Amino acid sequence: MQKRIDFIREIINKDMEEGRYAKVHTRFPPEPNGYLHIGHAKAICLNFEIAKEYQGKCNLRFDDTNPTKEEEEYVLAIKKDIGWLGYDWEDREYYASNYFEKLYEMAIELINKGKAYVCELTADQIREYRGTLTEPGNESPYRDRSVDENLTLFKKMRDGEYPDGTMVLRAKIDMASPNLNMRDPVIYRILHTSHHRTGDKWCIYPTYDWAHGQSDSIEGITHSICTLEFQDHRPLYNWFIEELGIHHSRQIEFARLNLTYTVMSKRMLLTLVENNYVDGWDDPRMPTLSGMRKRGYPSAAIRKFCVNIGVAKTESIVDIEFLEHFVREELNRTAERRMAVLNPLKVVIINYPEGQEEELEAINNPEDASAGTRKIPFSNVIYIEKDDFMENPIPKFYRLSLNREVRLRYAYFIKCVDIIKDENGEITELRCIYDPATKGGDAPDGRKVKATLHWVSEKHSITGEIRLYDRLFIKENPLAVPEGGDFTMNLNTDSLKTIKNCRIEPSLANPKPGIVFQFERLGYFCVAFDTKNNHPVFIRTATLKDEWERIQKRKK
Ligand code: ATP
Ligand code: MG
């Protein structure tokens with residue numbers, strides 16, 4: 001695939017031409033405080049693909065500096081998701097917490113240089129002293145402590161002599177800097193909390209700002225690619241690196257991925273999980289990678305999407321239909337076709353001998369000859385979709401109605417000759433006749449029908465449960481809410497429909513979870529196992545209709 005050169009690759013090319021670095025080395029640095037979402041996929045693809053293109057390496061580094069929100073569960077889920085996306089960090093699985101000792105020593109170095117001090121202002125006071133965008137901040141009364149005093153206090157902080165929140169270590173930079181990040185930022189805080197990896201070894205923890213750049217440096221990262229909100233932190237990271245005289249990574253910022261009809265922040269996704277708006281992080285409606293996997297999205301489609309959206313310096317919102325377009329494109333090539341009837345209507349073929357059966361040949365995937373064919377059983381009682389029949393057909397309804405002929409896919413032409421109703425007037429059954437000469441789907445006399453229906457044989461089919469998932473939010477931008485409201489107001493209260501008595505062709509009697517099929521005329525469906533009820537279910541991955549082009553036209 002021809003790749004267009006984006007601004008990130010331009011910067012890297014220049015660095016390499018000028019000999020700034022010998023080899024390209026990137027990293028993906030998740031914080032293990034939630035599951036990965038499609039936005040992370042963009043960052044993962046970017047970092048791993050760049051490493052591949054430049055014959056370099058990409059590390060996986062967990063930025064685990066906040067013990068109160070991080071958990072081992074998230075570490076495992078993140079590794080699984082990156083592997084599923086198709087990327088390999090080999091033996092380079094790192095943790096910022098591995099560097100706690102080194103980061104501590106670096107802090108000591110900064111104190112020794114007179115560039116850091118222990119401050120006893122409260123969090124609120126620190127905020128007040130910081131000033132605003134238009135006004136300079138005020139210097140902390142603790143700013144001019146001696147190096148020795150700072151060393152002693154910082155050591156005591158580490159030794160656990162002070163309770164949470166009583167003091168912090170701050171870098172001594174410039175309280176009048178126009179960049180608020182440079183106004184003596186906090187680099188260590190006291191937290192008597194166990195860490196998922198270091199246990200109770202530490203009661204002081206580095207801030208993200210103190211840990212991130214130096215972790216990159218320690219790992220020899222050449223290009224530290226991150227999202228735009230870190231642009232204003234770059235001068236700070238550079239200041240740390242220069243004061244410490246350590247390897248200088250180049251930070252490059254790009255715009256986050258935003259998608260319509262979804263939220264992407266882990267904090268909001270956690271809200272959905274904790275309040276049971278969804279059935280866990282891997283609910284098929286979630287924009288998480290585990291949710292998309294469960295929904296049946298192929299990882300190849302997600303990768304293609306990430307490459308195609310490209311990278312930019314300005315924020316924008318990508319239409320979710322664009323992602324769905326890649327999902328359909330991939331599944332159209334790879335998913336085998338099957339027949340299933342969601343809302344079954346019984347059809348008795350009165351001229352087909354009762355007790356007779358035959359097997360008809362069906363193509364597994366018209367897009368892939370190597371997928372071969374399968375046999376599907378036919379008999380005198382079949383099911384078709386309820387809405388493929390209309391007693392009083394409206395204009396342009398070309399499917400089955402009384403005295404009209406249609407084709408049954410891979411089988412015969414049938415013609416409806418009678419309608420059976422129950423005492424409430426509901427249609428319970430159709431009587432049809434079939435034409436034996438049309439076996440396989442064409443009439444030797446050349447007569448045409450206007451519709452082809454999917455169907456299953458009653459006695460051979462299995463009963464199954466199908467789940468139709470819809471968008472999780474009703475608004476393109478779920479964050480658009482009236483004052484005082486929050487994004488949960490825009491949740492789609494009807495985003496899951498369960499259909500219990502679907503009829504499915506017998507080849508799917510023991511389906512393997514994770515495989516996606518196209519149910520003819522209905523959409524793509526992924527096999528899942530319902531552990532609560534101990535039976536397989538089919539989750540709708542996508543409908544057949546690609547909305548992408550329509551959306552493009554509307555926008556023009
Ligand atoms: P969130 O706001 O969802 O919690 P985060 O940025 O705090 O996301 P991290 O675990 O810190 O999540 O992110 C790991 C990497 O993924 C970072 O380099 C971050 O910039 C990148 N990333 C996160 N969200 C997106 C997004 N929507 N688009 C592109 N990259 C993203
Ligand atoms: Mg973060």
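One-based numbering, in listed order, for ligands and for the atoms of each. Source: prediction; values computed, not measured.
Ion pairing of Arg61 with Glu93 is absent here, as no side-chain N (NZ or NE/NH1/NH2) approaches a carboxylate O to less than 4.0 Å.
The salt bridge (Lys or Arg N to Asp or Glu O under 4.0 Å) search around Arg183 returns none, not counting sequence neighbours.
Residue Arg256 has at least one N or O atom closer than 3.5 Å to an N or O atom of ligand 1. Every N/O-N/O distance between Ile225 and ligand 1 stays at or above 3.5 Å. Looking at ligand 1, you'll find an N or O of Thr227 within less than 3.5 Å of one of its N or O atoms. At under 3.5 Å, a nitrogen or oxygen of Lys266, whether backbone or side chain, sits near a nitrogen or oxygen of ligand 1.
Atom numbering of ligand 1 starts at 1 in the shown order; those under 4.0 Å from a heavy atom of Ala43 are 16 (O), 21 (C), 30 (N). Each of the atoms 3 (O) of ligand 1 lies under 4.0 Å from some heavy atom of Ser265. Contact atoms of ligand 1 toward Phe28: 14 (C), 15 (C), 16 (O) (distance under 4.0 Å to a heavy atom of the residue). Close approach of ligand 1 to Pro29 is summarised as follows: ligand atoms under 4.0 Å from at least one heavy atom of the residue are 14 (C), 18 (O). Atoms of ligand 1 found under 4.0 Å from any heavy atom of Phe254, numbered from 1 in the order shown, are 29 (C), 30 (N).
With hydrogens and angles left out, the side-chain atoms of Asp486 and Thr488 include a donor and acceptor closer than 3.5 Å. Side chains of Asp15 and His223: a donor-acceptor N/O pair is present below 3.5 angstrom, by distance only.
In this structure, Arg189 is not positioned above the aromatic face of Tyr205 in the sense of NZ or CZ being under 6.0 Å from the six-membered ring centre and within 45° of the axis.
Using a 4.0 angstrom heavy-atom cutoff, Phe230 does not count as in contact with ligand 1. Using a 4.0 Å cutoff on heavy atoms, Arg267 does not count as a contact of ligand 1.
Between Phe322 and His325, the two ring planes are parallel [angle under 30°; tilted spans 30° to 60°].
Taking 4.5 Å as the limit, every side-chain heavy atom of Leu60 sits out of range of all side-chain heavy atoms of Tyr94. A heavy-atom distance below 4.5 Å is not found between the side chains of Met489 and Pro478.
Aromatic pair Phe154/Tyr188: ring centres closer than 6.0 Å.
For atom 22 (N) of ligand 1, the nearest non-hydrogen atom from the set Met268, His40, His37, Glu31 belongs to His40. The option from Ala41, Ser224, Gly39 that lies nearest to atom 30 (N) of ligand 1, judged by heavy atoms, is Gly39.
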